[in-house]
S.K.: 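Sharing a structure with you now.
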Amino acid sequence: MKAIRVRAFGPPEVMRLEEVPDPAPGPGQVLVRLRAAGVNPVETYIRSGAYARRPALPYTPGNDAAGIVEAIGDGVRGVSAGDRVYTSETVTGAYAELALCDASRVHPLPAGVSYAQGAAVGIPCATAWRALFQRARAVPGETVLVHGASGGVGIAAVQIARAAGLRVFGTAGTAEGIALVLREGALAVFDHRSAEHMEEAMAATGGRGFDVILEMLSNVNLARDLKILAMGGRVVVIGSRGTVEIDPRDTMARDASIVGMSLFNMPDGDRAVVHAALVAGLESGTLRPVIGRELPLSAAAESHAAVMSPGAKGKIVLVP
Ligand code: NAP
């Protein structure tokens with residue numbers, strides 16, 4: 001099969017398309033012929049060598065993909081060759097024509113959901129669901145700000161929160177991104193490149209503040225997020241690319257919480273809950289991943305540059 005291989009950590013160009021042997025499923029494993037692979041920011045951090053988790057070299061990047069089950073290993077139940085599936089993690093990497101997965105990381109892809117959309121579920125939608133319900137404990141009727149709503153996690157969060165009966169607001173950095181987030185269900189969307197957007201967001205709540213803020217760039221926004229929380233408000237730190245100074249008094253004044261999360265820490269029981277909810281959302285149409293750009297597998301380097309550039313409008317996927 002063809003697969004992207006990384007032989008040394010470094011810039012996007014270290015990713016090269018190579019011919020490698022087809023993997024074969026061992027006990028408890030599923031082999032999936034991939035039709036699309038999702039590109040996530042974390043894959044760029046890992047490729048650069050700067051991330052805490054470093055795979056042994058050489059490796060094939062990627063966690064999220066969708067395709068058709070080609071073969072199953074001994075002991076696998078509930079998945080059969082020919083099934084349409086999406087993956088939430090792989091053993092051999094997702095930027096490839098085939099991927100080996102643990103059977104627990106393969107989930108049904110409902111009819112009517114494209115492979116590209118399936119490749120947008122694993123990390124982004126699971127992060128959004130876990131942040132909202134398992135970390136922030138959001139309940140219907142609450143008001144949420146998705147700070148960075150135009151990207152993979154953000155659009156999923158807007159759709160999921162809206163379907164759950166939350167009042168959803170978002171931010172984006174371009175006119176196109178703002179229009180997209182509005183289309184996907186936000187009541188109002190603010191431009192996070194504007195110095196006044198926090199005040200505008202606060203005004204949209206009538207001065208009460210947000211019960212929940214999902215934060216995609218905490219090093220830039222956290223200090224000001226704490227000032228626009230409602231009493232008992234929770235900020236979930238999803239993304240951060242540096243350090244930030246906060247005034248702890250802002251949390252005291254509101255009985256507020258700052259909650260961190262990494263999807264890598266999610267226990268298996270929680271993962272099963274999250275993917276049951278996501279599959280139901282895909283089936284009912286409340287969860288409709290938005291694809292911003294499709295690129296061929298050979299353009300993996302370009303996809304990594306694109307995912308780290310401003311102007312998000314949904315997911316970037318690679319097509320083998
Ligand atoms: P993405 O698709 O590249 O989207 C990035 C988002 O950040 C876009 O909506 C972008 O908006 C927005 N953004 C840019 N400047 C911002 C600002 N000043 N304030 C708020 N938002 C801003 O990435 P993603 O997959 O959604 O992931 C978002 C972040 O969460 C990344 O840092 C990623 O590493 C992290 N993440 C963490 C976990 C976890 O387990 N903790 C899981 C998944 C992702 P514009 O482009 O419109 O400006």
Side-chain angles (χ1 to χ4, degrees), residues 37-48 50-53 62-64 88-89 119-132 134-136 145-160 169-184 186 189-198 200-201 210 213-225 228 235-242 244 258-267 270-271 274 289-293 303-317:
V39 177
N40 292 289
V42 69
E43 290 135 29
T44 74
Y45 318 151
I46 293 171
R47 186 219 66 235
S48 75
Y51 200 61
R53 289 167 169 257
N63 309 275
D64 299 348
S88 53
E89 197 180 356
V121 178
I123 288 181
C125 299
T127 299
W129 206 95
R130 180 163 176 76
L132 281 166
Q134 293 177 334
R135 302 301 291 143
L145 177 66
V146 182
H147 213 161
S150 46
V153 178
I155 290 174
V158 168
Q159 294 177 349
I160 291 167
F169 296 84
T171 78
T174 62
E176 222 180 339
I178 288 171
L180 172 61
V181 179
L182 278 171
R183 226 169 27 244
E184 295 307 324
V189 183
F190 310 97
D191 180 352
H192 51 227
R193 293 193 196 171
S194 143
E196 291 85 42
H197 77 279
M198 296 272 199
E200 290 166 12
F210 293 94
I213 299 178
L214 302 190
E215 185 50 72
M216 306 304 158
L217 201 56
S218 309
N219 55 305
V220 172
N221 299 319
L222 185 61
R224 291 173 74 200
D225 285 340
I228 61 167
V235 182
V236 186
V237 174
I238 296 176
S240 190
R241 294 180 179 166
V244 61
I258 303 169
V259 186
M261 71 160 278
S262 167
L263 209 55
F264 290 121
N265 299 333
M266 181 158 65
D270 286 6
R271 181 180 296 103
V274 168
V290 174
I291 307 306
R293 208 165 158 200
S303 78
H304 274 205
V307 79
M308 295 304 280
S309 303
K313 39 185 197 315
K315 277 303 295 183
I316 299 171
V317 299

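Counting starts at 1 for both ligands and their atoms, following the listed order.
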S.K.: Do Thr171 side-chain atoms and Gly148 backbone N/O form a donor-acceptor pair below 3.5 Å?
M.R.: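 Here the side-chain-to-backbone pair exists.
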S.K.: Can you find a non-hydrogen atom of Arg130 under 4.0 Å from ligand 1?
M.R.: no
S.K.: Between Arg135 and Gly260 (side chain of the first, backbone of the second, donor and acceptor by atom type, cut-off under 3.5 Å), is there such a pair?
M.R.: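 Here the side-chain-to-backbone pair exists.
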S.K.: Out of Ser262, Gly148, Gly314, Ala120, indicate the one that has the non-hydrogen atom closest to atom 6 (C) of ligand 1.
M.R.: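 Minimum heavy-atom distance to atom 6 (C) of ligand 1 goes to Gly148.
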S.K.: Check whether any side-chain N or O of Thr174 sits under 3.5 Å from a backbone N or O of Gly311 as a donor-acceptor pair, and report yes or no.
M.R.: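 Not a single qualifying donor-acceptor pair exists.
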S.K.: In Å, rounded to the nearest 0.5 Å, how long is the span from OG of Ser150 to CD1 of Ile178?
M.R.: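 Going from OG on Ser150 over to CD1 on Ile178, the span is 8.5 Å.
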S.K.: Taking distance alone, with N or O pairs closer than 3.5 Å, would you say Val153 contacts ligand 1?
M.R.: yes
S.K.: Between His147 and His197, how do the two ring planes meet: parallel, tilted or perpendicular, split at 30° and 60°?
M.R.: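 Rings of His147 and His197: perpendicular, as their planes differ by over 60°.
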S.K.: Between Met198 and Asn221, is a side-chain contact (heavy atoms from CB on, under 4.5 Å) present by the stated rule, with each step listed?
M.R.: CA-CA 9 Å; Met198 296 272 199; Asn221 299 319; 3.8 Å; yes
S.K.: Which heavy atom of the protein is the closest neighbour of atom 14 (C) of ligand 1, given with residue, atom name and distance?
M.R.: His192 NE2, 3.6 Å
S.K.: State the atoms of ligand 1, each with its element, that fall below the 4.0 Å cut-off from a heavy-atom position in His147.
M.R.: 20 (C), 21 (N)
S.K.: Of the protein's non-hydrogen atoms, which lies at the shortest distance from atom 9 (O) of ligand 1, and what is that distance?
M.R.: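 Of the protein heavy atoms, Ser150 OG, 2.8 Å lies nearest.
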S.K.: Parallel, tilted or perpendicular: which one describes the rings of Phe210 and Phe169, with boundaries at 30° and 60°?
M.R.: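 Taking Phe169 first and then Phe210, their aromatic rings stand perpendicular (interplane angle over 60°).
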S.K.: Nearest protein heavy-atom contact for atom 23 (O) of ligand 1: which residue, which atom, what distance?
M.R.: Pro41 CG, 3.3 Å
S.K.: Can you name the nearest heavy-atom pair linking Asp270 to Met266, along with the distance?
M.R.: CB-CG, 3.7 Å
S.K.: For the pair Lys315 (side chain) and Val39 (backbone), establish whether a donor and an acceptor sit closer than 3.5 Å, ignoring hydrogens and angles.
M.R.: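 Side chain of Lys315 to backbone of Val39: a pair is present.
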S.K.: Looking only at heavy atoms, is any part of Ile316 under 4.0 Å from ligand 1, and if so is it the side chain, the backbone, or both, or is it neither?
M.R.: neither
S.K.: Note the single closest protein heavy atom to atom 40 (O) of ligand 1, along with its residue, its atom name and the distance in Å.
M.R.: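 The answer is Leu263 N, 2.8 Å.
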S.K.: To the nearest 0.5 Å, what is the distance between CD (Gln134) and CE (Met261)?
M.R.: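 Answer rounded to 0.5 Å: 8.5 Å.
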S.K.: For ligand 1, is there an N or O atom under 3.5 Å from any N or O atom of Gly152?
M.R.: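 Yes, at least one N or O pair falls under 3.5 Å.
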S.K.: Distance under 4.0 Å to a non-hydrogen atom of Arg241: what atoms of ligand 1 satisfy this?
M.R.: 31 (C), 32 (O)
S.K.: Tell me if the CD atom of Glu200 is crowded by more than 12 foreign heavy atoms within 6.0 Å.
M.R.: yes
S.K.: Is a donor on one side and an acceptor on the other found under 3.5 Å between the side chain of Asn219 and the backbone of Arg241?
M.R.: yes
S.K.: Hey, is the main chain of Ile123 close enough, under 3.5 Å, to the side chain of Asp64 for a donor-acceptor pair?
M.R.: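 Yes: the side chain of Asp64 pairs with the backbone of Ile123.
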S.K.: Ala172 to ligand 1: N or O pair under 3.5 Å?
M.R.: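 No: no nitrogen or oxygen of Ala172 is under 3.5 Å from one in ligand 1.
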S.K.: Can you report which non-hydrogen protein atom sits closest to atom 4 (O) of ligand 1, along with the distance?
M.R.: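 Closest protein heavy atom to atom 4 (O) of ligand 1: Gly151 CA, 3.4 Å.
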S.K.: Please list, in number order, the atoms of ligand 1 under 4.0 Å from a heavy atom of Pro310.
M.R.: 46 (O)
S.K.: Rounded at 0.5 Å granularity, tell me how far OG in Ser88 sits from CG in Asn63.
M.R.: 9.0 Å
S.K.: Would you say Pro124 contacts ligand 1, with heavy atoms under 4.0 Å as the rule?
M.R.: no
S.K.: Got the closest protein heavy atom to atom 29 (C) of ligand 1, with its distance?
M.R.: Met216 O, 3.8 Å
S.K.: Tell me which protein heavy atom sits closest to atom 42 (C) of ligand 1, plus the residue, atom name and distance to 0.1 Å.
M.R.: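 Answer, as residue, atom name and distance: Thr127 OG1, 3.1 Å.
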S.K.: Please identify which atoms of ligand 1 are closer than 4.0 Å to at least one heavy atom of Gly239.
M.R.: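 Contacts of ligand 1 toward Gly239, numbered from 1: 30 (O), 32 (O), 35 (C).
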S.K.: Quiz question for you: does at least one protein heavy atom lie closer than 4.0 Å to atom 20 (C) of ligand 1?
M.R.: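 When distances to the protein are checked, atom 20 (C) of ligand 1 has a heavy atom within 4.0 Å.
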S.K.: Could you check if a side-chain atom of Ser240 sits within less than 4.5 angstrom of a side-chain atom of Met216, using non-hydrogen atoms only?
M.R.: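 When only atoms from C-beta onward are counted, Met216 and Ser240 do not touch, as no gap falls below 4.5 Å.
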S.K.: Below 4.0 angstrom from a heavy atom of Val307, which ligand 1 atoms are there? Numbered from 1 as shown, please.
M.R.: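 Here the atoms of ligand 1 in question are 3 (O).
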S.K.: How does Lys315 reach ligand 1, if at all, at less than 4.0 Å between non-hydrogen atoms: by side chain, backbone, both, or neither?
M.R.: neither
S.K.: Would you say Tyr45 contacts ligand 1, with heavy atoms under 4.0 Å as the rule?
M.R.: yes
S.K.: Residue-level breakdown please: for Asn221 versus ligand 1, do any non-hydrogen atoms fall below 4.0 Å on the side chain, on the backbone, on both, or on neither?
M.R.: side chain
S.K.: Is there any N or O on Gly311 that sits under 3.5 Å from an N or O of ligand 1?
M.R.: yes
S.K.: When you compare ligand 1 with Ala312, is there at least one nitrogen or oxygen pair between them that comes in under 3.5 angstrom?
M.R.: yes
S.K.: May I ask you to check whether Gly173 has an N/O atom sitting below 3.5 Å from an N/O atom of ligand 1?
M.R.: yes
S.K.: For atom 37 (C) of ligand 1, what's the nearest protein heavy atom and its distance?
M.R.: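 Here the nearest protein heavy atom works out to Ile238 O, 2.9 Å.
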S.K.: Only one of Ile155, Leu263, Asn40 passes side chain to side chain contact (heavy atoms under 4.5 Å, CB included) with Pro124; say which it is.
M.R.: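 Answer to the side chain to side chain contact (heavy atoms under 4.5 Å, CB included) test with Pro124 among Ile155, Leu263, Asn40: Asn40.
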